[in-house]
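Have a look at the structure below, then the notes.
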Amino acid sequence: MRSGLPLRLELSPCWELAGALLLAHTVAAACLLVVLAGWAGIALAALVLALGCAAAWDRALLRAARSPRWIEIRPSCEAYCVLANGETAALAPLGGGAVTRYWVALGMRSAVRRSLLVPAGMLSAESARLLRLWARWGKLPGVAPGQRPA
């Protein structure tokens, strides 16, 4: 990094992810209604729909008390996620197909949450690029060690 200050990447709600979550849970609820007859099918379908709403509220719209608010990458190249209630959790890149131009999947060392999916729509273009660089290489662009700044 270019300075001793941590890089703060603000997360914003992603309506596309919320829609995809709700669509997937709606299809799952419809499948349950087709397979299970009676009150059991209706109750299970309602629970699946409620789970979809809760997932969209927490994971995509970032409205829950433990939803992520921003990602902080420190000069030591360690990354942390700050949650809405003030807690922080260490982040780790997952490798493989976890980094694409559309999303970045990160491992999260938290008692409540094990992973964090950051779609491109949650960050500005430059912030998404920096997060992809960090997740892929474990560091940010800057001056090489031992090189003088211009």
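All of these numbers come straight from a predicted model, not from anything done at the bench.
The minimum heavy-atom distance between L33 and A45, with the atom names listed, is CG-CB, 3.8 Å. Closest heavy-atom contact between L17 and P119: CD2-CG, 3.8 Å. Of all non-hydrogen atoms in R101 and A120, the two that sit nearest each other are O-CB, 3.8 Å. Contact detail for I73 and A79: the closest heavy-atom pair is CG1-CB, 4.1 Å. The two atoms that bring A29 and L49 nearest to each other are CB-CG, 3.9 Å, heavy atoms only. Residues A64 and A84 come closest through the heavy atom pair O-CB, 3.8 Å.
Using modelled atom types, one side-chain atom of R136 and one backbone atom of V99 make a donor-acceptor pair closer than 3.5 Å. Panel note: side chain S115, backbone G107; no donor-acceptor pair is recorded below 3.5 Å. Within the 3.5 Å criterion, the main-chain N or O of S127 finds no donor-acceptor partner in the side chain of R129. Using a distance-only test at 3.5 Å, with no hydrogens or angles considered, no donor-acceptor pair links the side chain of T88 to the main chain of Y80.
One finds the CG atom of L62 at 10.5 Å from the CH2 atom of W57 (value rounded to the nearest 0.5 Å). Here CG of L32 is found 11.0 Å from NE2 of H25. Values are rounded to the nearest 0.5 Å. In this structure, CG on N85 lies 9.5 Å from CZ on R69, to the nearest 0.5 angstrom. Between atom CD of residue E10 and atom CE of residue M122 there is a gap of 13.0 Å, rounded to the nearest 0.5 Å.
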*Check the pair V118, R132 against side-chain contact (heavy atoms from CB on, under 4.5 Å), reporting the backbone distance first and the verdict last.*
CA-CA 10 Å; V118 183; R132 285 193 309 266; over 6 Å; no
_Would S67 and L83 count as a side-chain contact (heavy atoms from CB on, under 4.5 Å) here? Give the steps._
CA-CA 5 Å; S67 293; L83 306 177; over 6 Å; no
*asked:* I'd like to know whether V48 forms a side-chain contact (heavy atoms from CB on, under 4.5 Å) with T26, so could you lay out the CA-CA distance, the side-chain angles of the two residues, the decisive distance to 0.1 Å, and finally the verdict.
replied: CA-CA 8 Å; V48 167; T26 301; over 6 Å; no
*Does the pair D58 and R113 meet the rule for a side-chain contact (heavy atoms from CB on, under 4.5 Å), with working shown?*
CA-CA 11 Å; D58 179 38; R113 192 180 292 244; 2.9 Å; yes
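Under a hydrophobic-cluster definition in which Ile, Leu, Val, Met, Phe, Trp and Tyr are linked whenever side-chain heavy atoms come within less than 4.5 Å, directly or via other members, I42 and V34 are assigned to different clusters. The hydrophobic cluster containing L123 also contains M108, counting ILVMFWY residues as joined when their side-chain heavy atoms lie under 4.5 angstrom apart, directly or transitively.
Looking at heavy atoms from C-beta onward, L9 lies out of side-chain contact with W70 at the 4.5 angstrom threshold. Considering only heavy atoms from C-beta on, L133 comes within 4.5 Å of P141 through its side chain. Counting heavy atoms from C-beta outward, V104 and L94 have side chains that stay 4.5 Å or more apart. Between L7 and E72 there is no side-chain heavy-atom pair separated by less than 4.5 Å. Counting heavy atoms from C-beta on, the side chains of E87 and V82 never come closer than 4.5 Å. Here the side chains of C81 and L116 are in contact, with some heavy-atom distance below 4.5 Å. Taking the side chain as every heavy atom from C-beta outward, L44 and W39 never approach each other to under 4.5 Å.
Side-chain atoms of E78 and S76 form a donor-acceptor pair, as typed in the model, at a separation below 3.5 Å.
Surrounding CZ of R66 are at most 12 heavy atoms belonging to other residues, nucleotides or ligands under 6.0 Å away.
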